Amino acid sequence: MSTIFTKIINGELPSYKIFENELIISFLTIEPTQLGHSLVVPKLEIDHWLDVKEPYYSEVFKYGKIIGEAIQLATKAPRVGAEIQGWEVPHFHLHIIPMWGPSDLDLRNAKTRSKEEMKEIQTKIVANLDY
């Protein structure tokens with residue numbers, strides 16, 4: 001059975017897309033800890049990050065940095081954090097999170113944002129991508 005991320009990749013579910021190429025996709029998470037919280041996901045459905053092979057592994061982290069820089073510019077956050085957990089969806093994904101403090105990495109602090117907020121931050125992040 002396909003994960004929710006595979007359904008997003010296949011266009012079966014909508015998303016606030018940040019970036020996409022042949023190997024990865026990045027989009028805003030639907031319950032961010034901070035506005036701008038994004039995921040970078042390989043298009044190959046692999047559960048555990050230790051099992052991800054090249055070139056998918058490097059592509060996630062290469063674009064994770066690029067997307068993180070765009071998030072920092074768009075949000076004016078003093079820091080941007082990255083996190084791998086893998087508990088919520090069995091499809092490896094890298095969280096890229098704008099941070100004002102350590103609690104911003106705590107996914108228990110996530111909450112739904114309005115469609116207007118999500119679209120606005122998506123537009124700002126995409127405008128700041130430099131690759």
Side-chain angles (χ1 to χ4, degrees):
M1 188 162 166
S2 295
T3 69
I4 190 168
F5 296 158
T6 298
K7 290 177 182 179
I8 290 170
I9 291 163
N10 292 337
E12 298 167 26
L13 292 173
S15 69
Y16 296 95
K17 192 184 311 180
I18 302 299
F19 175 82
E20 181 176 17
N21 67 17
E22 66 280 352
L23 298 177
I24 65 161
I25 188 169
S26 177
F27 48 88
L28 297 175
T29 183
I30 58 170
E31 290 190 335
T33 59
Q34 288 289 347
L35 204 53
H37 179 169
S38 300
L39 304 176
V40 183
V41 182
K43 289 186 174 179
L44 187 62
E45 190 173 297
I46 299 171
D47 181 11
H48 197 283
W49 72 278
L50 292 176
D51 297 328
V52 178
K53 304 290 185 221
E54 292 296 346
Y56 296 93
Y57 183 86
S58 292
E59 198 80 349
V60 165
F61 289 95
K62 172 185 174 182
Y63 283 95
K65 182 178 186 299
I66 292 167
I67 293 162
E69 291 168 347
I71 289 170
Q72 190 169 35
L73 289 169
T75 63
K76 309 291 190 242
R79 294 200 182 267
V80 174
E83 180 173 55
I84 301 169
Q85 284 194 1
W87 295 109
E88 45 310 303
V89 178
H91 187 148
F92 164 61
H93 54 287
L94 178 66
H95 292 261
I96 308 294
I97 305 171
M99 296 175 56
W100 284 265
S103 65
D104 292 329
L105 289 177
D106 188 341
L107 299 183
R108 294 174 294 187
N109 295 328
K111 63 183 177 182
T112 304
R113 302 298 186 117
S114 72
K115 290 179 182 179
E116 294 77 22
E117 288 177 300
M118 296 291 279
K119 186 65 180 159
E120 181 180 349
I121 196 64
Q122 174 196 27
T123 300
K124 287 181 181 179
I125 294 168
V126 170
N128 281 289
L129 282 175
D130 185 20
Y131 52 92

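Predicted model only: the values in this text are computed from it and were never measured.
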Legend entry - side-chain contact (heavy atoms from CB on, under 4.5 Å) between Thr75 and Trp100, intermediate numbers included: CA-CA 10 Å; Thr75 63; Trp100 284 265; 4.0 Å; yes
Legend entry - Residues Ile84, His95; criterion side-chain contact (heavy atoms from CB on, under 4.5 Å); working and verdict: CA-CA 6 Å; Ile84 301 169; His95 292 261; over 6 Å; no
With no hydrogens and no angle check, is any side-chain donor or acceptor of [X] less than 3.5 Å from a backbone partner on [Y]?
| X | Y | value |
| --- | --- | --- |
| His91 | Pro42 | yes |
| Lys124 | Leu73 | no |
| Thr33 | Asp104 | yes |
| Thr3 | Thr6 | yes |
| Asn10 | Glu12 | no |

Of all heavy-atom pairs between [X] and [Y], which one has the smallest distance, and what is that distance?
| X | Y | answer |
| --- | --- | --- |
| Leu94 | Gly64 | CD2-CA, 4.3 Å |
| Val80 | Gln72 | CG2-CB, 3.5 Å |
| Arg113 | Pro32 | CG-CG, 3.6 Å |
| Glu20 | Lys43 | OE2-NZ, 2.8 Å |
| Pro55 | Leu23 | CG-CD1, 3.7 Å |

Interatomic spacing from [atom1] in [X] to [atom2] in [Y] - rounded to 0.5 Å:
| X | Y | atom1 | atom2 | answer |
| --- | --- | --- | --- | --- |
| Ile30 | Ile8 | CD1 | CD1 | 7.5 Å |
| Ile24 | Ile67 | CD1 | CD1 | 5.5 Å |
| Leu35 | Ile121 | CG | CD1 | 5.0 Å |
| Ile25 | Lys17 | CD1 | NZ | 5.0 Å |
| Lys7 | Ser15 | NZ | OG | 14.5 Å |
| Ile18 | Ser38 | CD1 | OG | 4.5 Å |

Inset, instruction - Applying side-chain contact (heavy atoms from CB on, under 4.5 Å), run through Tyr16 and Lys115 and close with a yes or a no. - result: CA-CA 10 Å; Tyr16 296 95; Lys115 290 179 182 179; 3.6 Å; yes
Side-chain contact, heavy-atom cut-off 4.5 Å: [X] with [Y]?
| X | Y | value |
| --- | --- | --- |
| Phe19 | Ile66 | no |
| Asn21 | Glu59 | yes |
| Asp130 | Glu69 | no |
| Val41 | Phe27 | yes |

Legend entry - Counterpart residues, side chain to side chain donor-acceptor pair (under 3.5 Å), relative to Ser58 (two or more places apart): Glu54
Kindly work out whether a path of hydrophobic side-chain contacts (I/L/V/M/F/W/Y, heavy atoms less than 4.5 Å apart) joins [X] to [Y].
| X | Y | answer |
| --- | --- | --- |
| Met118 | Phe5 | no |
| Leu44 | Val60 | yes |
| Ile97 | Val40 | no |
| Ile4 | Leu28 | no |

Legend entry - By ring-ring contact (aromatic ring centres under 6.0 Å, His included) - contacts of Phe92 (at least two apart): none
[X] atom [atom1], over 12 foreign heavy atoms within 6.0 Å:
| X | atom1 | answer |
| --- | --- | --- |
| Tyr131 | OH | no |
| Leu107 | CG | yes |
| Leu129 | CG | yes |

Inset, instruction - For the pair Lys119 and Gln122, evaluate side-chain contact (heavy atoms from CB on, under 4.5 Å) and give the outcome as yes or no after the intermediate values. - result: CA-CA 5 Å; Lys119 186 65 180 159; Gln122 174 196 27; 3.1 Å; yes
Legend entry - Among Gln85, Glu88, Glu83, the one residue meeting side-chain contact (heavy atoms from CB on, under 4.5 Å) with His93: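 Passing option: Glu88.
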Inset, instruction - Measure up the Tyr57 and Trp49 rings against each other and bin them: parallel (under 30°), tilted (30 to 60°), perpendicular (over 60°). - result: parallel
